[in-house]
S.K.: 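Structure incoming, see below.
FYI, side chains are in, hydrogens and waters are out, and symmetry mates aren't considered; it's all heavy atoms of this structure. Chain A is the first sequence line, chain B the second, and so forth, proteins listed ahead of strands; every chain is numbered from 1.
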Amino acid sequence: MSKRVRVRFAPSPTGGLHLGGVRTVLFNYLFAKQHGGDFILRIEDTDQSRFVPGAEAYIFNTLKWCGLTPDESPLHGGPHAPYRQSERKERYRQYAEQLVTAGHAYYAFDTPAELEAMRNNFKTTDNPSPQYNHLLREKMRNALTMDPAEVKRLADEGVPHVIRIKMPVNETISFTDMIRGEVSFNTSQVDDKVLMKADGMPTYHLAVVVDDYQMQISHAFRGEEWLPSAPVHLLLWKYLGWETDMPQWAHLPLILKPDGNGKLSKRDGDRLGFPVFAMDWTDPKTNETTIGFRERGFLPEAFVNMLAMLGWNDGTDQEIFSLKDLVHKFSIDRVHKGGAKFDYEKAKWYNHEWIKRSEAAVLEPEVKPLLEKNGIAVSDHQLLSKAIELVKERCTLLPDFVQQAAFFFRLPAVIDTDAIKPKWDDKKNLFFTELIRTYELSTLWEAGGLETAFKELAAANQLKPGELMLPLRIMLVGGKFGPGVFDIAALIGKTETLRRIEFTLKQLENQH
RNA sequence: GCCCGGUUCGUCUAUCGGCUAGGACAGCCCCCUUUCACGGGGCAAAGACGGGUUCGAUUCCCGUACCGGGUACCA
């Protein structure tokens, strides 16, 4: 009884892939996988003016990073190839003509200038944007108003023209949206949308219906901004005689700006200082790079988790979900109807949680290049692994590891002796000199032993250990941060520990 | 303007008509930690408004307000 689930995402390669787009993919993917179906990626490279060459590859890379690999796509192919709209061009015309023959669509010869004139002429304060609708179509240059012979002549001569859908008058058209329930429209309120453009390319309206039919799509998820044109698509399915094959629709809520009003845009990220694209995007025209979540130091798991929670939850207090959990627990009827404002602080919290929960082995391949990029050579994998384990709970973004873990691999770049100096005296100097001697003799080099020895020596010198631990920390890591001092000493080893103590001692002496 | 959608703490959200309205982020306070974090505890913070229906409404219905989307030979 149940049709095979085939959900489809159809981005337009216009550059970058922002949060809303990735979330649409995510929900498509989750639903498909949950039902053992396929996630199909179709590319809408129809609009020449906005098509950006590198963007298609960028979309693939983004999906790959997120772990949302499509089952069928222009890259992977599939039983319904091609998946690029431009490569399916010749398939659309026949259906447009079929609609014309059936009287559901018509040729229109109005030039862009004539359309603009129409909009100006009929514009009133009550109606600021006149539509090419059932009333106005009677006043325009189209097959409904012109002599059929004239229409034929112009068409034969190759005079540029479009094909428009002929919207019926005053009919109610309704459908059940998986998220919103029953939604209905009056056809008189919808304009005669262009189906085929003068350049021979279909518009989204025709293309999406034809492709969804031919690709046997069973479920279509898209942004809420498409809701108003849903009646056009519904009618097309009906007029083409495919009504029983129509996919089920789900219109997803929008992701909104954190402040103020409106859809989240790339500009908001620039303005407020956070990414809105999943990965770095360099516009080939302007050569301008927009930073992505990946490059900011987000883990894909955290990014996906954050996105899923922006508009969905499972009804419990659980907030951390892996992609696997999501596939298991996701349900379309728990997707919200209202838009959600994006909160970068919360996004960072998800990343922090994922870093804390990740094994060092998972983090290593991310952290190592970051350290090396900052001139820190990492040769000892054991050391790296242990260092990550020790500092990961204080890293919110991946680059935080550079600051938090650098001192495990080299002498601290700067030593904050100013933090020691005010309370530094000969007694402390003596203590550390003795500490070096004590540690030199120690045979077992582990945190507990080092701490005991440290405290015993402090007591012998009639000093409080607390006053001595900060100086030791500064000597070893350079500043007031990092995990337990003795853990650090244990990890960097005897030679390095003693070297650092001596180094700072000498510095303090010189500065004296 | 018209059409469609939406409306619970500052933000993301929970609530099958029974509510002392719960959780999380952010904020503040305390504990733990002789660093920074993690962790633990606490404080403050919400049902847009007006009508119905009901023993009872945040929940259902209507209206208003506000917000968002659409109103292109863009998607």
Side-chain angles (χ1 to χ4, degrees), chain A residues 10-14 44-47 49-51 85 108 110-112 115-116 119 123-133 160-164 177 179-180 183-186 188-191 193-205 207-208 222-231 251 253-254 256 258-263 306 309-320 336-350 352 356 391-396 400 403-404 419 464-470 472-474 477 479-485:
Chain A
S12 167
T14 54
E44 276 160 16
D45 54 344
T46 170
D47 180 11
S49 65
R50 286 175 64 188
F51 178 79
Q85 193 168 302
D110 316 277
T111 63
L115 289 173
E116 209 193 311
R119 291 195 181 99
K123 186 158 67 179
T124 61
T125 45
D126 270 1
N127 184 10
S129 40
Q131 298 187 103
Y132 200 117
N133 61 12
H161 61 276
V162 302
I163 295 177
R164 286 179 182 271
D177 184 280
I179 294 168
R180 278 146 222 283
V183 183
S184 50
F185 302 84
N186 184 306
S188 294
Q189 301 292 345
V190 185
D191 61 337
K193 289 263 182 270
V194 169
L195 265 22
M196 289 294 295
K197 298 190 260 189
D199 65 1
M201 287 293 267
T203 59
Y204 170 85
H205 307 295
V208 81
R222 62 201 339 187
E224 195 187 354
E225 69 269 30
W226 286 107
L227 201 46
S229 49
H251 290 90
L254 268 13
L256 276 14
D259 61 340
N261 318 310
K263 261 201 293 194
M306 177 271 291
M309 301 309 286
L310 218 50
W312 173 87
N313 73 82
D314 74 341
T316 72
D317 287 342
Q318 185 178 345
E319 294 198 83
I320 303 298
H336 310 142
K337 298 181 178 77
K341 287 184 182 173
F342 175 66
D343 181 358
Y344 187 51
E345 292 305 316
K346 186 86 186 217
K348 284 194 290 192
W349 175 79
Y350 280 107
H352 193 15
K356 280 191 294 184
V391 305
K392 68 183 186 186
E393 68 200 29
R394 50 208 91 201
C395 296
T396 299
D400 294 344
Q403 149 83 353
Q404 290 294 334
K464 282 186 217 151
E467 288 175 21
L468 299 162
M469 276 164 78
L470 183 69
L472 179 60
R473 167 175 299 283
I474 307 270
V477 320
K480 295 200 258 186
F481 62 92
V485 251

S.K.: Look at H251(A) and C4(B) and indicate whether a side-chain polar atom (N or O) is within less than 4.0 Å of OP1 or OP2.
M.R.: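 No, outside the criterion.
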S.K.: Considering only atom P, compute the distance from G52(B) to C19(B) and round it to an integer number of Å.
M.R.: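 After rounding to an integer number of Å, I get 24 Å for this pair.
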S.K.: Rounded to the nearest 0.5 Å, how far apart are CG of L195(A) and CZ of R164(A)?
M.R.: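 Going from the CG atom of L195(A) to the CZ atom of R164(A) covers 10.0 Å.
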S.K.: Please report, rounded to the nearest Å, how far the P atom of U13(B) is from the CG atom of D314(A).
M.R.: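 The answer, rounded to whole Å, is 14 Å.
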S.K.: Which nucleotide, G68(B), U11(B), C36(B), lies nearest any side-chain atom of L254(A)?
M.R.: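 Of all the options, the side chain of L254(A) is nearest to G68(B).
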S.K.: Taking only side-chain nitrogens and oxygens of R164(A), does any of them come within less than 4.0 Å of OP1 or OP2 of C73(B)?
M.R.: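 Yes, such a contact exists.
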S.K.: Please confirm whether the shortest side-chain N or O distance from H336(A) to OP1 or OP2 of G6(B) is below 4.0 Å.
M.R.: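 The answer is no; no side-chain N or O of H336(A) sits under 4.0 Å from OP1 or OP2.
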S.K.: List the atom of H251(A), the atom of L227(A), and the distance in Å for their closest heavy-atom pair.
M.R.: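 In this case the closest contact between H251(A) and L227(A) is ND1-CD1, 3.4 Å.
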S.K.: The side chain of S129(A) is closest to which nucleotide in this list: A14(B), G6(B), G1(B)?
M.R.: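 Side chain of S129(A) sits closest to G1(B).
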S.K.: Tell me which nucleotide among G68(B), A72(B), G10(B) gets nearest to the side chain of R119(A).
M.R.: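 Nearest listed nucleotide: A72(B).
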S.K.: Can you identify which nucleotide, out of U34(B), G69(B), A14(B), has its nearest atom closest to the E225(A) side chain?
M.R.: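 So the side chain of E225(A) is nearest to G69(B).
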S.K.: Can you figure out which of U34(B), G68(B), C12(B) approaches the side chain of K341(A) most closely?
M.R.: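 So the nucleotide nearest the side chain must be C12(B).
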S.K.: Out of U71(B), G22(B), C73(B), which has the shortest distance to the side chain of K193(A)?
M.R.: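 Nucleotide nearest to K193(A)'s side chain: U71(B).
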S.K.: Kindly point out which of A24(B), C74(B), A37(B) is positioned nearest to the side chain of W349(A)?
M.R.: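 Nucleotide nearest to W349(A)'s side chain: A24(B).
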S.K.: Start at the 5' end of RNA chain B and walk down; is the nucleotide closest to K356(A) or to T203(A) reached first?
M.R.: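 Comparing both residues, the 5'-ward one is K356(A).
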S.K.: Would you mind pulling out the nucleotide paired to C25(B), Watson-Crick or G-U wobble, both distances under 3.5 Å?
M.R.: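 Partner of C25(B): G10(B).
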S.K.: What is the distance, to the nearest angstrom, from the NZ atom on K392(A) to the C1' atom on C36(B)?
M.R.: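 Rounding to the nearest Å, NZ of K392(A) and C1' of C36(B) are 18 Å apart.
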S.K.: So if I take every side-chain heavy atom of D317(A) and compare against U13(B), U71(B), G23(B), which nucleotide ends up nearest?
M.R.: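 Given the options U13(B), U71(B), G23(B), the side chain of D317(A) is closest to G23(B).
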S.K.: Rounded to whole angstroms, how far apart are CD on E393(A) and C1' on C32(B)?
M.R.: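 Interatomic distance, CD of E393(A) to C1' of C32(B): 13 Å.
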S.K.: Looking at A26(B), G5(B), C73(B), which one has an atom nearest to any side-chain atom of E224(A)?
M.R.: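 It is G5(B).
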S.K.: Say we look at C36(B) and C31(B): how far apart would their P atoms be, to the nearest angstrom?
M.R.: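 After rounding to an integer number of Å, I get 14 Å for this pair.
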S.K.: Within the 4.0 Å heavy-atom criterion, would you say H352(A) contacts the bases, only the backbone, or no part of the nucleic acid?
M.R.: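 H352(A): backbone/sugar contact only, no base atoms under 4.0 Å.
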S.K.: Rounded to whole angstrom, note down the C1' distance from U20(B) over to G47(B).
M.R.: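 Taking atom C1' in both U20(B) and G47(B), they lie 15 Å apart.
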S.K.: Starting at the 5' end of RNA chain B, which residue's closest nucleotide do you reach first, L227(A) or Q85(A)?
M.R.: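 The 5'-side residue here is L227(A).
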S.K.: Say we look at G5(B) and A44(B): how far apart would their P atoms be, to the nearest angstrom?
M.R.: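 40 Å, rounded to whole Å.
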S.K.: Answer yes or no: does a side-chain N or O of N313(A) lie under 4.0 Å from OP1 or OP2 of A14(B)?
M.R.: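 Yes.
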S.K.: Under 3.5 Å, is there an N or O donor on one side and an acceptor on the other linking the side chain of K346(A) and the base of A26(B)?
M.R.: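 Looking at the base of A26(B), it does not pair with any donor or acceptor on the side chain of K346(A) (distance under 3.5 Å).
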S.K.: Could you check which of C74(B), U35(B), G70(B) has an atom nearest any side-chain atom of R394(A)?
M.R.: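 Among C74(B), U35(B), G70(B), the one nearest the side chain of R394(A) is U35(B).
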